[in-house]
Each structure stands twice: as structure tokens, then as C-alpha cells.
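Structure first, commentary second.
Just so we're clear, the structure is a prediction, and the values are computed from it rather than from any experiment. Numbers restart at 1 for each chain; the letters A, B, ... are given by sequence-line order, proteins then strands.
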Amino acid sequence: MREMTRRAATLAIAVAMALGAPALGVLDGTVAPACAATQQRAALVVDTGTQARSYCVALGAAAVSGTDLIRLAHAQYGLDYRLGYGGRAVCRLDGVGVDGGDCFADFPDYWGYWHGDGSGGWTWASASAADWTVHPGDVEGWQWGTGEDATTHAMPPGTTEEDVCPPLEPSPTASPVGGGGGGGHGGGSPDASDSPGAAGPPTPPATVTPTADRAPRDRVRGEATPTPTPSSTGAPPVSLAAAQGPGPPPADAGGAGPLLALAAVIGLGVAGSIVIRRRTAAS
Amino acid sequence: MHPGAWITWATCAGVVAFTTTNPWYLVVLVAASWFVYAAHRVEGPAARSFRVFLLFGLVTMLVRTALVFFGTIDAASVAFAALEGARLAVILVVFGTFNAVTDPFGVLRLAPRRFHEPALAAALALSIAPRTIASVRRVREAQAMRGIVVHRWRTLPALVVPVLETGMEEAMTLAESMDARGHGRGRRSRYRPQPWTSAGIATAMTAVAAAGVFVIASARGLGDLHPSTDPLEWPRVAPALVGTIIAVAIPGVFRRSGP
């Protein structure tokens with residue numbers, strides 16, 4: 001009896017972990033910009049090969065990883081993304097790239113990863129974005145294209161942090177923070193504290209507007225201060241991604257597929273049990 | 001059914017599991033394996049191998065998920081690890097089904113003579129799980145008669161040591177007896193060769209077709225075979241692929257031949 005109970009408990013834990021893992025996402029939502037209203041910002045340039053968008057991302061911390069920067073841009077601007085290999089590689093950005101789990105399925109085309117050198121140039125990243133630390137004032141670039149190193153892969157358009165993140169009006173109550181090129185305080189929320197969840201008053205929503213300069217590529221720039229999203233009310237990623245223009249086909253989580261799968265599991269399970277019972281009775 | 005049909009079935013079902021981490025497809029594949037197991041299990045100790053491999057698969061999945069806790073923990077990485085573990089678990093379940101429905105030494109008879117020795121090694125490797133399960137049961141019974149009830153860590157050596165010894169002895173006995181009967185050196189007659197029945201052919205062909213569909217879907221990125229875990233999204237399901245996995249359960253509707 002005790003053994004049965006123990007077995008049942010083991011099974012229950014296993015099933016709970018299997019089913020609970022996706023459900024965790026509902027609680028988590030996405031990486032929450034805990035204190036997005038601070039002045040710690042970094043620039044993210046996403047070049048799909050046909051157009052480049054830049055985002056001024058509020059970091060909410062003195063250091064985040066390269067993949068966290070993408071997640072933050074998703075949370076703040078609705079940047080469409082998909083990571084693979086357990087969050088270690090970038091599969092899709094801004095609707096361009098691979099939809100499956102293998103981020104290099106379209107090789108030789110893939111998302112090349114560049115670090116800004118601070119003066120508009122780029123250096124080729126030699127490690128995964130998950131292992132790279134982004135500090136305030138940094139510029140990070142992603143370029144969809146071919147080429148396996150700095151000499152053969154195309155670069156995103158030359159960008160500095162000042163190009164993307166506009167200088168903010170200095171606030172009298174703000175205490176200066178020694179971050180790189182960040183400077184200034186979050187517009188409209190000078191009294192925002194650094195404690196998680198204590199988001200400042202709502203700031204104007206983020207806009208991504210095209211700019212006039214079109215050389216060498218069609219360039220689009222996001223300039224507004226991002227809206228801080230408190231973690232408790234953070235919208236799930238899907239809805240934000242849906243708000244973004246180009247992206248993957250919408251997920252049909254409902255529909256016939258899951259119903260058919262459920263019916264198949266129940267049908268095959270019951271049929272198997274009946275067969276076993278009949279065979280046991282016969283012998 | 002012909003052992004070749006079962007090898008084909010297990011290999012192809014394993015390929016299907018290997019190409020996807022989508023929990024919907026994996027769960028349907030487990031159900032299909034269960035149905036096939038229910039209809040075709042060979043009565044005896046080997047019949048336990050489905051359950052043993054199912055439990056082993058769940059443990060594998062838990063361990064794979066638990067490994068995440070050594071790194072950065074967030075919903076995305078936990079979900080990714082759990083799905084990878086689930087895929088491995090389902091491959092184990094398919095293997096457990098294979099063990100429960102066929103005799104590994106029937107597989108050995110299929111090998112061409114010149115490949116007899118590698119085939120013998122393969123058959124021994126394949127049969128290690130059912131043989132261990134059987135010997136665990138025998139040793140437990142024997143120890144129970146001596147008044148040793150094996151259910152604690154402290155009494156574990158009383159179970160494990162005889163089981164390992166038996167396994168070694170059995171392997172030696174088997175190799176010696178096969179050698180004595182002249183296996184692997186020249187002609188040997190086939191006693192009651194098992195014919196390929198229409199059920200066997202249908203089983204093998206549907207399994208190959210199912211594996212083909214999944215390999216093609218995987219190559220073309222169709223059917224959400226690898227649901228996104230970062231951002232975490234609810235996995236989508238292609239009804240056609242669910243139907244393909246249901247077809248993997250087809251051997252379950254054929255009548256079992258033999259005793």
C-alpha cells in the first residue's frame with residue numbers, strides 16, 4: 001500500500017512537471033522590466049536584410065545578457081522574436097528567420113550577431129548572445145544574411161547609442177548614474193524608484209517611425225521612451241507579437257488539432273485497457 | 001508477427017519521436033505504443049518492460065528538467081528541458097514496447113550468417129532489459145522466502161548483487177551454448193522460420209510511411225514539431241500529423257499470431 005502511494009506520488013510529480021512547465025509561462029509572461037523607468041538604456045539594431053529597425057531598450061539593470069536585450073525589446077516594443085536551443089541561439093527576429101527549433105535550418109542564411117564599437121562600427125560576436133553582457137550605453141546588432149565571420153557577413157547600418165536613444169531632459173531630482181552613454185532620466189517619470197513593480201506614471205507609448213535617411217538601407221527608428229510594463233500586468237508575448245506588423249502566422253492553439261490529439265490519446269488508451277482486460281480474462 | 005516487422009515499427013516510431021518535441025504528438029505516440037503493447041505483449045516477465053521503460057522515461061525527463069536548476073532558471077529554459085526530456089522518454093517507451101512484444105532472439109535469427117556475431121551482441125544488448133527485469137523478480141522472490149524484504153536502501157545490495165551475478169552468468173551460458181551449437185560458423189538450419197504475413201507487411205509499411213512524413217515535415221519546418229519555448233507559446237497541432245501517429249498504432253488492430 002505504501003509502495004503504491006509512493007509510486008502514485010512520483011507519477012503525480014512527473015505529470016505536474018510536464019504539464020506545469022508551459023503553464024509557468026503564464027505567470028512569467030516575459031522578462032519583466034523591473035525598473036524600466038531608469039536611465040539605463042542600450043540600443044538594439046535588427047537588420048532583416050531589407051530594412052533595419054533600431055530600438056532604445058530600457059535595461060532595468062546594470063547588466064543584462066544579449067538575449068535578455070531581445071526579450072526586453074519584445075516586452076517594450078513588441079519586437080517579434082524566437083530563440084532556439086534553450087535560449088542560446090536566435091532563430092527569428094522581426095518576422096524573419098527560422099520558425100522551427102533549429103535556428104540554422106536556413107543556413108547559409110542566419111542571424112549574424114554584432115557588437116557596436118561605440119563609434120558606429122561593428123565587431124563580430126564570437127560567443128552566444130546568452131553569454132554576452134550588455135551594459136548601459138552599448139549597441140547590439142543582428143543581421144540576417146550569409147557569411148561566417150566579420151569579413152563575409154553583412155553588417156547592420158552603422159549606429160551609435162546616441163543615434164537611437166535620444167537625450168532625455170535632465171531631471172532636478174535625478175541622481176546621476178555612472179552608466180556609459182545613457183545619461184539623463186526617464187522622461188515623464190523622474191520619481192520612479194528602482195524597486196521592482198514600482199513603475200512610474202505612464203509614459204507615452206513607444207512608436208517606431210520611419211526616418212528620412214534611406215542610405216544605404218531603408219531605416220526605421222524607434223525613438224520614444226519605452227512604456228514600463230509592470231511584471232504583474234505584463235501581457236503575454238503572443239499578444240504583443242501580434243501587434244507587430246510582420247511576423248509568423250498566428251498560432252492556432254485551438255481548433256481541430258488538439259481535440260483530435262486528445263481524442264486519439266483517450267481512444268487508444270481505453271482501447272488498450274480493454275484489450276488487456278479481455279486477454280487477462282481469457283487466460 | 002515477423003520480428004523484422006517489429007524492428008521496422010520500433011525504429012520508425014523512434015524516428016517519429018526523435019523529430020519532434022511537441023508534447024501533443026509525443027503524448028499521442030505514447031498512447032499508440034500503449035495500444036500496440038496491449039494487443040501484442042508476450043506474456044511473461046518481458047511484458048513488464050513497457051511499464052518499466054515508462055517509469056524510466058519519466059525519471060529521465062525529471063532528471064533532464066532538474067539539470068536546468070544548475071543554470072539560469074526561467075519558464076523558457078524549464079519548458080525547453082522538459083520537452084527535450086519528454087522526447088527522450090517517448091523514445092524509451094517505444095523501446096519498452098518493442099521489448100514487450102517481441103523476442104530479442106527472434107531478431108537474432110534474422111541476421112545474415114556473416115553478421116552473426118554483431119547480431120548476437122545486438123541481441124544481447126536488446127535483451128538486457130527484459131532479462132534484468134526477469135532476474136530482479138526471481139531474486140526478490142527468493143529473498144522474500146529467506147525473510148529479506150527488499151524495499152529499503154539498506155537491503156538494496158541483497159537485490160543488486162545477485163542480479164548482476166545472474167546477468168553475467170546468463171550471458172556466459174548463452175554464449176557458450178550458442179558456440180556449442182555451432183552458431184556463427186557455417187550452416188545452420190532454420191527451425192520454423194517465421195513468414196512475413198500481410199499484418200507484418202502492413203505494420204512495417206505504415207511505420208515507414210509515418211516516419212517519412214515526420215522527416216519531411218521536420219525538414220520543411222511544418223506542423224510546429226518544435227514549439228517555441230522562448231517566447232513560451234502554446235504548441236500548435238497539425239491534425240494530419242496526429243493522424244499519422246494514429247497510423248503507427250495500426251499493428252494493435254491485427255490479431256496476435258502464435259501463443
Item to check | Side-chain heavy-atom pair A:Asp99, B:His226 within 4.5 angstrom cut-off | outcome: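 No. Closest side-chain heavy atoms not under 4.5 Å.
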Next on the checklist: Any non-hydrogen side-chain atom of B:Trp34 less than 4.5 Å from a side-chain atom of A:Ile276?
Outcome noted: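 Sidechains of A:Ile276 and B:Trp34: in contact.
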Between [options], who has the most heavy-atom pairs with chain A when the cutoff is under 4.5 Å?
options: B:Val28, B:Leu241, B:Thr21; value: B:Val28
options: B:Ala81, B:Pro227, B:Ala219; value: B:Pro227
options: B:Ser77, B:Gly221, B:Ala39; value: B:Ala39
options: B:Val242, B:Leu222, B:Asp224, B:Thr229; value: B:Val242

Next on the checklist: Could you check whether atom CZ of B:Phe254 has more than 12 heavy atoms from other residues, nucleotides or ligands sitting under 6.0 Å from it?
Outcome noted: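 Check passes, neighbour count above 12.
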Checklist entry - Does CZ belonging to B:Arg220 count more than 12 external heavy atoms closer than 6.0 Å? => result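 Result for CZ/B:Arg220: open.
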Checklist entry - Considering only heavy atoms, which portion of A:Ser273 lies under 4.5 Å from any heavy atom of chain B: side chain, backbone, both, or neither? => result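 Both the backbone and the side chain of A:Ser273 come within 4.5 Å of chain B.
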Checklist entry - At a heavy-atom separation under 4.5 Å, does A:Ala271 approach chain B through its side chain, its backbone, both, or neither? => result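 Both the backbone and the side chain of A:Ala271 come within 4.5 Å of chain B.
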Item to check | A:Trp132: partners by side-chain hydrogen bond (donor to acceptor under 3.5 Å, both in side chains), with sequence neighbours left out | outcome: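 Testing A:Trp132 for side-chain hydrogen bond (donor to acceptor under 3.5 Å, both in side chains), a comparison that skips the adjacent residues, returns A:His115, A:Glu140.
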Next on the checklist: I'd like to check the side-chain hydrogen bond (donor to acceptor under 3.5 Å, both in side chains) partners of A:Arg82; sequence neighbours left out, ordered by chain and number.
Outcome noted: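 Testing A:Arg82 for side-chain hydrogen bond (donor to acceptor under 3.5 Å, both in side chains), a comparison that skips the adjacent residues, returns none.
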Minimum heavy-atom separation for [X] and [Y], please, with both atom names.
X: A:Ala261; Y: B:Trp24; value: CB-CE3, 3.7 Å
X: A:Tyr85; Y: B:Phe80; value: C-CZ, 3.6 Å
X: A:Val265; Y: B:Val27; value: CG2-CG1, 3.3 Å
X: A:Ala264; Y: B:Ile246; value: CB-CD1, 3.6 Å
X: A:Gly272; Y: B:Phe35; value: N-CD1, 3.6 Å

Checklist entry - Hey, does the side chain of A:Arg279 reach the backbone of B:Ala38 with a donor-acceptor pair shorter than 3.5 angstrom? => result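 Side chain of A:Arg279 to backbone of B:Ala38: a pair is present.
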Item to check | Atom pair CG (B:Leu225) and CG (A:Asp102), whose distance is rounded to the nearest 0.5 Å | outcome: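 If we round to the nearest 0.5 Å, B:Leu225:CG and A:Asp102:CG are 12.0 Å apart.
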Next on the checklist: Report which part of B:Ala86 has an atom under 4.5 Å of a heavy atom belonging to chain A: side chain, backbone, both, or neither.
Outcome noted: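 For B:Ala86, there is no contact with chain A at all, as no heavy atom is under 4.5 Å.
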